[in-house]
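Notes follow the structure.
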Amino acid sequence: MKYRKQYIDVDVAIEIPNNLKKLEAGFGSKECLDTAVATNMIAVGMDVDRLGLMVVDGQPKQNSEYIQATSRIGRSFPGLVVMIYNPYRPRDLSHYENFTGYHSQLYRFVEGTTATPFSARARDRVLHALIISAIRLKYPDMAPNDAAANIASLTPEQMHDLKALILDRLSIIKPSVREDAEGEIDQFIATWKGLAASSKPLKYKGPLYRSKDQKYNVLMGYYGGECADTEKPTLTSMREVESAANMFYYEED
């Protein structure tokens, strides 16, 4: 069998999904691609079990990025990572000289990440899910999917305890936004009660793919998917918080 080698550039975002499918295809497939050439974008996720050899050209600037990138192979099958260091870069040279010691304590050198807890954009994305999770865990009768319609059954005391659970934690981390967060909680609960009072039954979530004749309302939609105006887009993964956007360029005739 003649070995067929192809190279692709996975830097073009719009082509990535199609190229990933080709990378996952078996060797006998006509769509099979054998090699992926990528920038450090691979550090945030490119899991193809079929690929078992990785060549890293230069030590990444962050240890966490190095761990993420090199852990993409060897998960389901044996893998080999080959590091190519630049002897004229002091950082690369240092990693080469301390290769064994560094890799024996790899996670010890992971840098701390910066975060802005309870920021306005974070609350937009997550606060409603936090409220729903707290209610379903704290009050077992509210846990089933169909129980979303019973939000009005919670007493003012129960709602006060729920708000205190969130706001007390917020006051420790970022007390300056307590008033804003409290208003957003009240607004979401009011919207929730309005949906529960409508003629259609209310559920916490529906199927990934909506049907045109859906006979019930949904409180949480899938972030990045098709959501009705009454649904709150809800993240299903902690790895991606931004939905992809395509850019189109038109030329005038």
Side-chain angles (χ1 to χ4, degrees), residues 13 41 43-45 47 62 64-65 67-68 110-154 156-198 202-210 214 216-246:
M41 61 77 62
V44 298
D47 299 325
Q62 291 189 325
S64 55
E65 181 182 342
I67 295 170
Q68 284 273 11
V110 175
E111 304 86 353
T113 57
T114 58
T116 308
F118 288 103
S119 64
R121 298 289 73 79
R123 298 197 306 272
D124 287 345
R125 303 266 174 82
V126 179
L127 187 58
H128 72 278
L130 184 61
I131 297 168
I132 294 170
S133 299
I135 287 177
R136 298 180 77 177
L137 291 171
K138 191 173 179 64
Y139 307 115
D141 292 341
M142 293 293 295
N145 196 25
D146 296 335
N150 302 330
I151 182 63
S153 66
L154 296 181
E157 292 76 16
Q158 288 175 316
M159 295 305 303
H160 178 270
D161 291 343
L162 171 73
K163 289 174 60 177
L165 180 69
I166 299 173
L167 295 174
D168 289 350
R169 176 63 179 173
L170 184 147
S171 297
I172 297 173
I173 300 173
K174 197 172 184 180
S176 60
V177 300
R178 180 187 175 98
E179 185 176 346
D180 292 338
E182 185 173 7
E184 290 164 5
I185 293 174
D186 291 337
Q187 183 179 4
F188 174 67
I189 294 296
T191 302
W192 186 349
K193 289 181 177 179
L195 284 174
S198 67
L202 179 65
K203 296 184 178 183
Y204 287 115
K205 62 179 181 178
L208 178 59
Y209 300 102
R210 299 169 53 87
Q214 188 165 292
Y216 55 87
N217 289 325
V218 176
L219 193 59
M220 296 183 293
Y222 289 87
Y223 186 82
E226 181 184 355
C227 292
D229 294 337
T230 56
E231 298 174 13
K232 294 287 288 184
T234 306
L235 297 168
T236 56
S237 171
M238 295 182 67
R239 293 181 57 188
E240 292 186 7
V241 296
E242 293 288 353
S243 57
N246 294 328

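What you are looking at is a predicted structure, and each value in this text was computed from that prediction instead of being measured.
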Partners of Val126 by side-chain contact (heavy atoms from CB on, under 4.5 Å), sequence neighbours excluded?
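Partners of Val126 under the side-chain contact (heavy atoms from CB on, under 4.5 Å) test: Leu235.
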Provide the closest heavy-atom pair for [X] versus [Y] in the form atom of the first, atom of the second, distance.
X      : Y      : result
Ser171 : Arg178 : OG-NH1, 2.6 Å
Val218 : Met220 : CG1-O, 3.0 Å
Ala148 : Ala196 : O-CB, 4.4 Å
Lys138 : Pro140 : O-CD, 3.6 Å

Separation between [atom1] of [X] and [atom2] of [Y], rounded to the nearest 0.5 Å:
X      : Y      : atom1 : atom2 : value
Leu195 : Lys193 : CG    : NZ    : 13.0 Å
Gln187 : His128 : CD    : NE2   : 13.0 Å
Asp124 : Ser119 : CG    : OG    : 8.5 Å
Leu137 : Ile132 : CG    : CD1   : 11.5 Å

Judged by atom type as modelled, is there a donor-acceptor pair below 3.5 Å linking the side chain of Asn150 to the main-chain atoms of Met142?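 No, Asn150 side chain to Met142 backbone: no donor-acceptor pair under 3.5 Å.
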- Message: Pair Lys232, Thr191 - check side-chain contact (heavy atoms from CB on, under 4.5 Å), show working.
- Response: CA-CA 10 Å; Lys232 294 287 288 184; Thr191 302; over 6 Å; no
Taking distance alone, no hydrogens or angles, what donor-acceptor pairs closer than 3.5 Å link side-chain atoms of residues 161-170 to residues at least two apart or in another chain?
| unit_1 | atom_1 | unit_2 | atom_2 | d |
| --- | --- | --- | --- | --- |
| Lys163 | NZ | Glu182 | OE2 | 3.4 |
| Lys163 | NZ | Asp186 | OD1 | 2.8 |
| Lys163 | NZ | Asp186 | OD2 | 3.4 |

### Task
Establish, from distance only, whether the side-chain atoms of Asn217 and Ser198 form a donor-acceptor pair under 3.5 Å.
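A donor-acceptor contact under 3.5 Å links the two side chains.
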| query | Looking at residues at least two apart in the chain, or sitting in another chain, which of them share a ring pair (Phe, Tyr, Trp, His ring centres under 6.0 Å) with Tyr204? | reply |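 Tyr204 satisfies ring pair (Phe, Tyr, Trp, His ring centres under 6.0 Å) with Trp192 only.
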Where do Leu127 and Phe188 land on the side-chain contact (heavy atoms from CB on, under 4.5 Å) test, with the steps shown first? CA-CA 9 Å; Leu127 187 58; Phe188 174 67; over 6 Å; no
**NZ or CZ of Lys203 within 45° of Tyr216 ring axis and under 6.0 Å** =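 Yes.
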Evaluate the side-chain proximity of Ile151 to Ile135: yes if any heavy-atom separation is below 4.5 Å, no if none is.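 Heavy-atom side-chain distance check passes, below 4.5 Å.
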